[in-house]
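Notes follow the structure.
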Protein chains: 2
Amino acid sequence: MAGGRPRGFDVDEALDRAVEVFWRQGYEGTGISDLTRAMGINPPSLYGTFGNKEELFRKVLDRYTDGPARYIREAFEQPTARAVVERLLHGAVDGTTRPDCPPGCLTVQGGLASAPAAEGARDEMATRRRMGETFLRARLEQARIEGELPDDVDPEGLARYFATVHQGIAVQAAGGASREQLHQTVDLAMRVWPSRADA
Amino acid sequence: MAGGRPRGFDVDEALDRAVEVFWRQGYEGTGISDLTRAMGINPPSLYGTFGNKEELFRKVLDRYTDGPARYIREAFEQPTARAVVERLLHGAVDGTTRPDCPPGCLTVQGGLASAPAAEGARDEMATRRRMGETFLRARLEQARIEGELPDDVDPEGLARYFATVHQGIAVQAAGGASREQLHQTVDLAMRVWPSRADA
DNA sequence: GGCGTATTGTAGTGAGCGTTATAGATTCTG
DNA sequence: CAGAATCTATAACGCTCACTACAATACGCC
């Protein structure tokens, strides 16, 4: 086993550049030349290191989950279910309106419709969106068991509502809505949270 | 002025086919060959009749507004602002989950991120999304003046909230959510509607 | 130093993109 | 029927797409 010529670029740094390009232009709107230019490498380096466009995109999604979309995992560390949801939605607002990043959410931008050739990437994005909703639903079920939520609340329906708001925020941000405006929207959305008086 | 050879296809019928293709595959995911195949015509007929891809897409958006998205205009015919919003959101659920059409909303699918070349189409979709929100805001302002809404309500913020839910529904539908599930989501979202007791 | 190995830049692959030149077909006018 | 006008199909345009052969380069190991 020998050494071989060392890689001339930092993999994570290159991934960060790729995240931004896919984020701004979507999967289908991004060409390999856009990526190589932003990453500062040539096509053979890209293919040698990341496989192909779709595999690179999956690695970009992972990097996105651990980076700009870290707020999702962090939200679930909150002590109460209500705090989890508040943190999730307000975090989404901050994450989709960062001045140094494209507006919107990587897993939504261009992940709704696509040519058959991009089906793999589209399905991957849909799966990741569903995962967040599933986690939230489990957290709400736990909250009902623990008494934080009334018994007559439907955790699945409530989780879907908040997921809908979450994704709506991404569309709003992509359309140019401001951070302040969307934080206000989240405050409104939180009014749906069931109070014990409701039941 | 002479007659010339008559057109061998129905323009509106061809537009309907184009609507469905763009709806399913997005603007960038749709090739001219996809369109000509679905419309049953050849490229010169497409270009002679509709201009080019972007002009065709604008005509497709118009046709979509008068067809599958008719519910938006119709919602504003309701007598009260609350009924307008209810009709708007429940109409959106039905429109984005039609069994005979692609799931989701044409003005959202692929309208969030794109290559610079598709900027025109993207801007057009963003503008149309904003229009609905602006109309709704005006209707809510009117409702406050007429006393249907309390004075301390912010029509702009409330309109943005419902627009967020509206667009979130489109993402949910594109991801496979069912009609029943989303109608339930709308019922939850409507709980934000301000009651006079709130103020 | 020489060998094996991994990464590099250059250049190019076939396929598909949006678009159009060209010529034949079909209509109305005179 | 002659001629102008319009739409048609075939075929191709230049360009970009995702992807890769190839040969040169830079390392660890013996």
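Numbers restart at 1 for each chain; the letters A, B, ... are given by sequence-line order, proteins then strands. Side-chain atoms are counted along with the backbone in the values below, which use heavy atoms only and exclude waters and symmetry mates.
- Stacking of A:Lys53 on the aromatic ring of A:Phe22 is not recorded, the 6.0 Å distance cut-off and the 45° axial limit not both being met.
- Side-chain to base pairing of A:Arg5 with D:dT25: one donor and one acceptor N or O lie within less than 3.5 Å of each other.
- C:dT19 atom C1' lies 13 Å from atom CG of B:Leu35, rounded to whole Å.
- Whole-Å rounding puts the A:Glu28 CD to D:dA18 C1' distance at 13 Å.
- Within 4.0 Å of A:Ser33, counting heavy atoms only, lie sugar-phosphate atoms of the nucleic acid but no base atom.
- When each of D:dA18, C:dT8, C:dT27 is scored by its nearest atom to the side-chain atoms of A:Phe9, the top-ranked nucleotide is C:dT8.
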Check your understanding: Going through the checks in order, is the side chain to side chain donor-acceptor pair (under 3.5 Å) test met by B:Glu133 and A:Gln172?
Key -> CA-CA 11 Å; B:Glu133 186 176 323; A:Gln172 282 279 321; 3.1 Å; yes
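- As a whole-Å value, the separation of A:Arg37 CZ from D:dT16 C1' is 12 Å.
- Listed nucleotides C:dT27, D:dC27, C:dT20 differ in distance to A:Pro6; the shortest reach to its side chain belongs to D:dC27.
- Per the geometry, CZ belonging to A:Phe50 stands 10 Å off P belonging to C:dT8, to the nearest Å.
- Among the protein residues, A:Pro43 comes within range of the nucleic acid bases, having at least one heavy atom under 4.0 Å from a base atom.
- Distance CE (B:Met39) to C1' (D:dT8): 15 Å, rounded to an integer number of Å.
- Atom-to-atom distance recorded for A:Gln142:CD and A:Arg139:CZ is 4.5 Å, nearest 0.5 angstrom.
- The environment of B:Phe76 atom CZ is dense: over 12 non-hydrogen atoms of other residues, nucleotides or ligands sit within 6.0 angstrom.
- Residue contacts shown for B:Thr36 are absent, as no nucleic acid heavy atom lies under 4.0 Å away.
- If you check C:dG9, C:dT7, D:dA9 against the side chain of A:Asn42, the one that comes closest is C:dG9.
- Between B:Pro44 and B:Gly4, the residue anchored closer to the 5' end of DNA chain C is B:Pro44, taking for each the nucleotide with the nearest heavy atom.
- Contact annotation: B:Tyr47 side-chain N/O to C:dT19 OP1/OP2 distance is under 4.0 Å.
- In this structure, A:Leu46 places its CG atom 11 Å from P of C:dT8, rounding to the nearest Å.
- Using a 4.0 Å heavy-atom cutoff across all strands shown, A:Gly48 reaches no nucleic acid atom at all.
- Distances shorter than 4.0 Å separate some side-chain N or O of B:Ser45 from OP1 or OP2 on D:dT8.
- Linking Ile, Leu, Val, Met, Phe, Trp and Tyr residues whenever their side-chain heavy atoms come within less than 4.5 Å places A:Leu88 and A:Leu149 in a single cluster.
- Atoms CD1 (A:Ile32) and C1' (D:dC17) sit 9 Å apart, rounded to a whole Å.
- If you take NZ of A:Lys53 and P of D:dC17, they are 9 Å apart, rounded to a whole angstrom.
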